Amino acid sequence: MLAVVDVSHARGPRLLDMVQMNLCNSGWAGCYTGRSVATAAAVIRAERPDVVTLNEICRGDADALARAGGMAVAFQPAVDRRIGQPIVCRDGEPYGIGLLVRAPGDQPARGGTYPVQDPGGPEGRAWLCAPTAGGFVACTTHLVSTNPFVALAQCRHFFTVAVAAFPGRVVVGGDFNLGDLTPCLPPNYVTDSDGGVQHVAVAGAARTGRQRVIDMAGTTDHPALSVTWL
């Protein structure tokens, strides 16, 4: 059974609901269980968010979760820098990050990899943004876990270059592998987190209305983070 910790109960005019998840579903990592996508689908159906940000997934996972939630999907693969090709999951699907949006915009999603990467590993970490019909841009990223200085450099690039290229209101979710986003976060953002390395942020919101940490029942090594922005 999924366990939910309701951290705040404030009510007010809703800007949007979002869920951030890291599903550890490449098939290669020790945290892989093969059950996280089914659990994520149950969370999405229960929460009915406007935006879902997804990390450590295969392309097929993103498509399956989009169908489960009746949402549009965008996907950005991580890159094997040794060969310049997408990293693949154990099932042969491209591996990376994804976005689900309930009301897609008429502009295409855009993504890429960072100019600064961990020199000790081949994975090129990525970012992804997709404009929505709701008047905001949804973005996600998954930063390096092995080097906090590289993670911080990637975080700064994410907010000041990648995200900043999109005009208007922005909502962000991702596994930043940083406990604190303050050193890389622009001043107009409101943030929340799962108490660990997953963070959500929005430009232009007044505050967090409700934040819930959802235990994924051992199917992945990260909880889901559900946030309502006011």
Side-chain angles (χ1 to χ4, degrees), residues 19-44 51-69 71-101 104 108-130 138-148 150-151 153-155 157-158 161-163 172-178 197-198 216-225:
V19 174
Q20 154 64 23
M21 289 187 267
N22 182 323
L23 298 184
C24 190
N25 208 49
S26 70
W28 303 111
C31 52
Y32 172 75
T33 66
R35 297 179 286 116
S36 63
V37 174
T39 302
V43 170
I44 291 169
V51 174
V52 180
T53 50
L54 299 166
N55 304 149
E56 291 195 46
I57 59 165
C58 311
R59 174 63 209 236
D61 302 337
D63 293 337
L65 293 174
R67 291 191 296 269
M71 304 173 81
V73 60
F75 179 83
Q76 176 67 36
V79 173
D80 186 331
R81 295 185 290 122
R82 296 169 299 186
I83 58 175
Q85 296 294 322
I87 292 174
V88 295
C89 295
R90 195 165 185 171
D91 63 3
E93 289 273 328
Y95 165 83
I97 57 178
L99 282 169
L100 308 181
V101 296
R110 283 186 282 164
T113 54
Y114 292 103
V116 179
Q117 299 285 350
D118 182 1
E123 181 179 345
R125 299 292 175 117
W127 61 270
L128 175 65
C129 291
C139 298
T140 190
T141 192
H142 181 210
L143 306 185
V144 298
S145 60
T146 51
N147 189 318
V150 173
Q154 291 177 342
C155 184
H157 182 92
F158 177 67
V161 178
V163 173
V172 167
D175 181 347
F176 287 81
N177 281 305
L178 294 168
V197 295
Q198 292 186 111
M216 297 288 282
T219 62
T220 177
D221 60 342
H222 292 73
L225 175 60

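All values below come from the heavy atoms of this structure, side chains included, with hydrogens, waters and symmetry mates left out. What you see is a predicted model; the values in this text were computed from it and never measured.
For Q198 (side chain) and A224 (main-chain N/O), no donor-acceptor pair under 3.5 Å exists by modelled atom type. Listed for the T33 side chain is no donor-acceptor partner under 3.5 Å among the backbone atoms of T220. In terms of modelled atom types and a separation under 3.5 Å, the side chain of Q154 and the main chain of V116 share a donor-acceptor contact.
Separation of atoms OG1 (T140) and CD1 (I57) is listed at 8.5 Å; rounding is to 0.5 Å. How far SG of C31 is from CD of E56: 5.5 Å, rounded to the nearest 0.5 Å. Of the inter-residue distances, the one linking W127 atom CH2 with R110 atom CZ reads 6.5 Å to the nearest 0.5 angstrom.
Closest approach of P122 and R82 over heavy atoms only: CB-NE, 3.5 Å. Minimum heavy-atom separation, L143 to A151: CD1-O, 3.4 Å. Residues G218 and R35 approach most closely at O-NH2, 3.9 Å, considering heavy atoms. Of all the heavy atoms in G124 and T113, the pair that sits closest is O-CG2, 3.7 Å. In terms of heavy atoms, A126 sits closest to P77 at CB-O, 3.8 Å. Across all their heavy atoms, F158 and C139 have their closest contact at CZ-CB, 3.9 Å.
Side-chain contact between L65 and V52 is absent, with no heavy-atom pair separated by less than 4.5 Å. For the pair V144 and N177, the minimum side-chain heavy-atom distance is 4.5 Å or more. Looking only at side-chain heavy atoms (C-beta outward), V19 and I44 stay at 4.5 Å or farther from each other.
Annotation: side-chain hydrogen bond (donor to acceptor under 3.5 Å, both in side chains) contacts of D61 (sequence neighbours excluded): N25. Partners of R59 according to the salt bridge (Lys or Arg N to Asp or Glu O under 4.0 Å) rule, which considers only residues two or more places apart in sequence or in another chain, are D63. Listed by chain and number, the residues in a side-chain hydrogen bond (donor to acceptor under 3.5 Å, both in side chains) with N147 amount to none (sequence neighbours excluded). Under the side-chain hydrogen bond (donor to acceptor under 3.5 Å, both in side chains) criterion, Y114 pairs with T141, sequence neighbours left out. Applying the side-chain hydrogen bond (donor to acceptor under 3.5 Å, both in side chains) test to D221 and every residue at least two apart in sequence or in another chain returns nothing.
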Which pairs would a plain distance check flag for residues 85-97, meaning a side-chain donor or acceptor within less than 3.5 Å of a matching protein atom at least two apart in sequence or in another chain?
{"from": "R90", "atom 1": "NH1", "to": "G27", "atom 2": "O", "distance (Å)": "3.4"}
{"from": "D91", "atom 1": "OD1", "to": "E93", "atom 2": "N", "distance (Å)": "3.0"}
{"from": "E93", "atom 1": "OE1", "to": "G60", "atom 2": "N", "distance (Å)": "3.1"}

Practice task
Apply side chain to side chain contact (heavy atoms under 4.5 Å, CB included) to the pair M216 and L23, showing each step before the final yes or no.
Solution key: CA-CA 9 Å; M216 297 288 282; L23 298 184; 3.9 Å; yes

Working for side chain to side chain contact (heavy atoms under 4.5 Å, CB included), residues R125 and S145 = CA-CA 10 Å; R125 299 292 175 117; S145 60; 4.1 Å; yes

Subject >> Worked verdict on L99 versus T53 for side chain to side chain contact (heavy atoms under 4.5 Å, CB included) >> reply: CA-CA 5 Å; L99 282 169; T53 50; 3.5 Å; yes

List the steps and the verdict of side chain to side chain contact (heavy atoms under 4.5 Å, CB included) for H222 and M21. CA-CA 7 Å; H222 292 73; M21 289 187 267; over 6 Å; no

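Between the side chains of D175 and Q20, not a single donor N or O lies within less than 3.5 Å of an accepting N or O.
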